[in-house]
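Shown next, in structure tokens, is the structure this report addresses.
Just so it is clear, the values below take in all heavy atoms, side chains as well, and ignore hydrogens, waters and symmetry mates. Residue numbers begin at 1 in each chain, while the letters A, B, ... track the order of the sequences.
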2 protein chains.
Amino acid sequence: MTTIQSRIRQNKYKITPQRQAVLKVLSAAIQPLSPAEVHKLVQADKPATGMATVYRSLQLLAELGLICELHTAGNCHRYLLKRIDSHHHHLICSGCGQVVHVEGCGLKEITENLSRQTGFAIDTHLLEFIGRCRNCQKGIGKV
Amino acid sequence: MTTIQSRIRQNKYKITPQRQAVLKVLSAAIQPLSPAEVHKLVQADKPATGMATVYRSLQLLAELGLICELHTAGNCHRYLLKRIDSHHHHLICSGCGQVVHVEGCGLKEITENLSRQTGFAIDTHLLEFIGRCRNCQKGIGKV
DNA sequence: CTCAGTGCAAAGTCTTTGCACTCGT
DNA sequence: ACGAGTGCAAAGACTTTGCACTGAG
């Protein structure tokens, strides 16, 4: 938490109660949240907070690499606090939305090959696994 | 092309000039197109075509698995004809948007491990490589 | 004290929907 | 001929922006 704040300060942005509230909400969340959900949860804390501020905060935090932006099927954008600094991905349950962290992906080699073959400078990759958790397989979350 | 049409027919949907036009545009495209781009290109062929029809066609074709939906950074949704029936992914240039097909990804093993560890039934994964093509590395597409 | 950050409301985008008409089958 | 599919325009969702005010540094 303190590291996060110092990262914000380092980049010459201010630490405002609103930004803290957004971070708090995201750090308490187990599953990724949409901007609207973040807004609702932030309002429990700071009722006056506007939607625009939530968007601006999410944008800032994503820019600083403090949170991840996920692309899910229906509700396209969802955000998640980056808990681990290492390279990782997410396994997302399509039933209930729960997220599991996945360490490593073994794509280093394929990335290097691709780069060699195509001449692309490959910056990153977007990888998400989509499935159904144990509960949702039992038909609970059948959407 | 004929296989595509039969796939549409199989699912009891009609083959309309508009759907054909959307398919034609996508099959002629080298890079993935946004709905708006598809619309513009379709209009060159059938000027009366409405935006709504383009959306409905894209949705239908994606549902039938005939086209891929990509999640890119800025303009979130873009569509691409599925040229190859095998499992594949895309390498996308963040400068000019050009797309390279990537065969295989070596994620079978990691998927199986994940499934075992987490109890998830993993249906699929979303994988895209993001980089800059040779031209854009030369600074041409510096956005 | 200053200016980045905020809240609000208005303006943009992007996407979907309702409805009468058209046209593939 | 029948009903899926269409075009249009309006509605809806989501996101950004302008502007005066507030408060973090």
Side-chain angles (χ1 to χ4, degrees), chain A residues 2 4-25 32-64 66-67 69-79, chain B residues 1-2 4-25 32-64 66-67 69-79 97:
Chain A
T2 324
I4 290 178
Q5 303 205 345
S6 64
R7 185 98 70 106
I8 294 174
R9 237 188 292 260
Q10 271 166 35
N11 290 67
K12 293 174 188 147
Y13 293 113
K14 291 179 181 170
I15 294 170
T16 64
Q18 291 85 345
R19 287 175 185 168
Q20 285 179 311
V22 168
L23 279 168
K24 194 168 137 195
V25 161
L33 303 173
S34 65
E37 287 162 349
V38 172
H39 183 226
K40 206 170 77 185
L41 291 166
V42 163
Q43 286 200 319
D45 206 350
K46 287 216 76 212
T49 310
M51 194 72 233
T53 298
V54 171
Y55 274 103
R56 285 184 284 226
S57 300
L58 290 173
Q59 202 172 299
L60 175 72
L61 297 172
E63 180 195 319
L64 295 181
L66 298 171
I67 61 178
E69 182 180 290
L70 298 188
H71 296 254
T72 57
N75 201 331
C76 191
H77 292 132
R78 296 183 157 269
Y79 296 84
Chain B
M1 200 53 168
T2 324
I4 289 179
Q5 302 206 346
S6 64
R7 184 97 71 106
I8 294 175
R9 237 188 293 260
Q10 271 166 35
N11 289 68
K12 292 175 188 146
Y13 292 113
K14 291 180 181 169
I15 294 169
T16 64
Q18 292 84 345
R19 287 175 184 169
Q20 286 180 311
V22 168
L23 279 168
K24 194 167 136 194
V25 161
L33 302 174
S34 65
E37 287 162 347
V38 172
H39 183 226
K40 206 169 77 184
L41 292 167
V42 163
Q43 287 200 318
D45 207 349
K46 286 215 76 211
T49 309
M51 194 71 232
T53 298
V54 171
Y55 274 103
R56 285 184 284 225
S57 300
L58 290 173
Q59 201 172 300
L60 175 72
L61 297 172
E63 180 194 320
L64 295 181
L66 298 171
I67 62 178
E69 183 181 291
L70 298 189
H71 296 254
T72 56
N75 201 331
C76 192
H77 292 132
R78 295 184 158 268
Y79 296 84

key: N/O donor-acceptor pair under 3.5 Å between A:Q43 side chain and A:T49 backbone   = yes
note = Per the under-4.0 Å heavy-atom filter, residues of residues 48-63 of chain A near DNA chain C come out as A:A48, A:T49, A:G50, A:A52, A:T53, A:R56
Considering non-hydrogen atoms only, spot the tightest contact between [X] and [Y] and give its length.
{"X": "B:I67", "Y": "B:A62", "answer": "CG1-N, 3.5 Å"}
{"X": "A:L64", "Y": "A:R7", "answer": "O-NH1, 3.3 Å"}
{"X": "B:P17", "Y": "B:K46", "answer": "CB-CD, 3.9 Å"}

In whole angstroms, how far is the [atom2] atom of [N] from the [atom1] atom of [X]?
{"X": "A:H77", "N": "C:dT15", "atom1": "NE2", "atom2": "P", "result": "11 Å"}
{"X": "A:Q20", "N": "C:dT6", "atom1": "CD", "atom2": "P", "result": "11 Å"}
{"X": "B:E37", "N": "C:dC14", "atom1": "CD", "atom2": "P", "result": "10 Å"}
{"X": "B:Y13", "N": "D:dG5", "atom1": "OH", "atom2": "P", "result": "7 Å"}
{"X": "A:H39", "N": "D:dA13", "atom1": "NE2", "atom2": "C1'", "result": "15 Å"}
{"X": "B:K12", "N": "C:dT25", "atom1": "NZ", "atom2": "C1'", "result": "14 Å"}
{"X": "B:Q18", "N": "C:dT22", "atom1": "CD", "atom2": "P", "result": "14 Å"}
{"X": "B:R9", "N": "D:dA4", "atom1": "CZ", "atom2": "P", "result": "17 Å"}

key: Close side-chain approach of A:L33 and A:Y79, heavy atoms under 4.5 Å   = no
request  = Check whether any side-chain heavy atom of A:T53 sits under 4.5 Å from a side-chain heavy atom of A:S57, and report yes or no.
outcome  = yes
task = Inspect the contact between A:R78 and A:E37 and indicate whether a charged nitrogen and a carboxylate oxygen are less than 4.0 angstrom apart.
result = yes
query = Can you tell me how far the CD atom of A:Q20 sits from the CD1 atom of A:I4, to the nearest 0.5 Å?
reply = 11.0 Å
task = Using heavy atoms to find the nearest nucleotide of DNA chain C for B:P35 and B:K14 separately, return the residue whose nucleotide is more 5′.
result = B:P35
request  = Take A:P47 and B:A36, find for each the nucleotide of DNA chain C with the closest heavy atom, and name the residue whose nucleotide sits nearer the 5' end.
outcome  = A:P47
query = Mapping B:K46 and A:P17 onto DNA chain D by nearest heavy atom, which one lands closer to the 5' end?
reply = B:K46
task = Ignoring the backbone of B:T16, work out which of C:dG7, D:dG5, D:dA24 is nearest its side chain.
result = D:dG5
inquiry  = Let me test you: for the helix from C:dC1-D:dG25 to C:dT25-D:dA1, what is the angle between the axes at its two ends (five pairs each), rounded to 10 degrees?
reply    = 40°
query = Will you find, in the side chains of B:E63 and B:Y13, an N or O donor that is under 3.5 Å from an N or O acceptor?
reply = yes
